[in-house]
Amino acid sequence: MKLVVVGLGQCGSRLADEFAHLNRRARSQRGIEIITGAFAVNTDAADLSGLHTISGDYQHRILVGGRRTGGHGVGKINELGAEVAREDADKIVDAIRTARHFFETDAFLLIAGVAGGTGSGAIPIVAQMLRERYLDKPIYALAVLPFAHEEETEERTVYNSATCLKSLYPMVDAIILVDNQRYVRKDFSLRNNLTKINALIVEPFYNLLCAGEEKKTKHIGAKTVDAGDIIQSVAGWTVIGYGQTPVPTFKWFPFVSTNFRKKSTETHRGIQAMDEALSELSLKCNPADSGRALYLVSAPAKEMNMDLIKELADYLRSISPEAVIRNGDYPRERSVIDITLLLSELNVVDKVKDYYNKASGVIHELKGRREEFEDKLKEIEDASKDIPTLL
Ligand SMILES: Nc1nc2c(ncn2[C@@H]2O[C@H](COP(=O)(O)OP(=O)(O)OP(=O)(O)O)[C@@H](O)[C@H]2O)c(=O)[nH]1
Ligand SMILES: [Mg+2]
């Protein structure tokens, strides 16, 4: 599958840069392209210049709202982020259209941190603009949810997340939810290391995007996962997971490795990788709540067999009984079995519901505070009523 990737705001831009890097890797390791254009849109000039892989010209690193924000961001006011995106809409869409291989694009992927200002405000607007112009291309969003400490300490965090997700949902085909907090738990030393978190967020997309673009026969599976399968499998609220199990490169006792034993260990390794993918989902959710699922098994060709694929299908069916499940295999040389899993069309997403509930409370409280503030101002004004003015 080939994507045009558009990152909005700091978080979005850095992740789009990571996708551009993924494309470089696909090109050098596998001789294929998975990204037809990578763009970063921001109100912050310094953040744009800090990117590594996205082309450095103004048509790929797009500065918006220059006059209004002075190139310094919108300070977490996502209404301003939305306004600026609306004003500079043509600049963004024109740049995207001129991507070199635009005509080969299967879908758009828009990325933003929902708790910020620029990305959070701009992502629904850009989605809407693309929706109006490109009726035939699916639009996906990768929405990065804030760390727990941000929710506790910054008032705007929950409000921005709620308004962004509510506005975005009707404009896109699917929202892939990624909870920053999940990546902190994996390794505490990563706590402040966003670069490593970004690499972890993007990694599951590598095989998924490459599988359908392979040209070498030895890397084409018995059942390929291509753009069509992904488009059919991804809708609504979505999460992604990734797990892997190493495959020993040599065997200690080849004489005891009879066929059926060999198969059962491979199946076991496959299940182990699937378990990891399920426990490392990008947002905590219950697989039983998904309406569609897709998994891709990548493994050395000799490790891939019908039993493995069937066992995995049975296993996923047992935990996501309602889901329409698609799957595929991707023969690789590396001695690991890895599994990329998408759970989609989720009908229970507690985290999102929580944002909506909490934001409603915040709105109420803010309104009360605003009224109190205005009353106090009014008191000062009243006290000045007998004082002459110099104007
Ligand atoms: N995973 C990840 N999250 C990030 C990164 N940068 C920021 N965030 C998260 O994104 C949210 C803040 O959004 P930003 O992208 O920094 O904000 P912005 O869109 O640039 O908006 P303003 O700076 O207010 O103009 C917070 O929840 C951060 O934790 C990053 O590189 N990776
Ligand atoms: Mg910023």
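Nothing fancy with the numbering, it's 1 onward along the sequence. Start at 1 and go down the list; that is how both ligands and their atoms are numbered.
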Ligand 1 to A115, heavy atom cutoff 4.0 Å, flagged ligand atoms 27 (O)
Do any N/O atoms on L8 end up under 3.5 angstrom from N/O atoms on ligand 1?
-> no
- Message: Is the distance from the ring center of Y140 to that of F108 below 6.0 Å?
- Response: no
Quick note on ligand 1: atoms under 4.0 Å from a heavy atom of P146 include exactly 27 (O)
### Query
Does even one non-hydrogen atom of N180 get within less than 4.0 Å of ligand 1?
yes
If we number the atoms of ligand 1 from 1 as shown, the ones under 4.0 Å from a heavy atom of G117 are 17 (O), 18 (P), 19 (O), 21 (O), 22 (P), 24 (O)
For V297 and M304 the tightest heavy-atom approach is O-CE, 3.7 Å
Candidates E18, K76, R14, Q10; heavy atom nearest atom 23 (O) of ligand 1 found on K76
Exercise for review: Could you establish whether I201 and ligand 1 come within less than 4.0 Å of each other, counting only heavy atoms on the residue side?
Suggested key: yes
Of all heavy-atom pairs linking M171 and A127, the shortest is CB-CB, 3.8 Å
query: Taking the six-membered ring of F373, is NZ or CZ of R369 closer than 6.0 Å to its centre and within 45° of its axis?
result: no
What one should report as the nearest heavy-atom pair of T238 and A174 is OG1-CB, 4.0 Å
_Contact check: C11 vs ligand 1, nitrogen or oxygen atoms, below 3.5 angstrom_ = yes
Restricting to heavy atoms, the pick from L200, N198, I197 nearest atom 2 (C) of ligand 1 would be N198
Worksheet entry | Any side-chain donor near an acceptor of the partner, T267 and D307, under 3.5 Å | no
Verify ring-ring contact (aromatic ring centres under 6.0 Å, His included) between F39 and F19, making sure each step is shown before the conclusion. CA-CA 10 Å; F39 302 88; F19 270 97; over 10 Å; no
Discussion item. Using modelled atom types and a 3.5 Å cut-off, is there a donor and acceptor pairing between side-chain atoms of N160 and backbone atoms of V114?
Written reply: no
among protein heavy atoms, the one nearest atom 28 (C) of ligand 1 is E150 OE2, 3.3 Å
Note: heavy atom closest to atom 11 (C) of ligand 1, options G81, G116, G73, G75, belongs to G116
Is atom CZ of F103 surrounded by more than 12 heavy atoms (other residues, nucleotides or ligands) closer than 6.0 Å? yes
for atom 25 (O) of ligand 1, nearest protein heavy atom and its distance come out as T118 OG1, 2.6 Å
Ligand 1 to G119, heavy atom cutoff 4.0 Å, flagged ligand atoms 19 (O)
Per-atom filter on ligand 1: closer than 4.0 angstrom to a heavy atom of F147 are 29 (O)
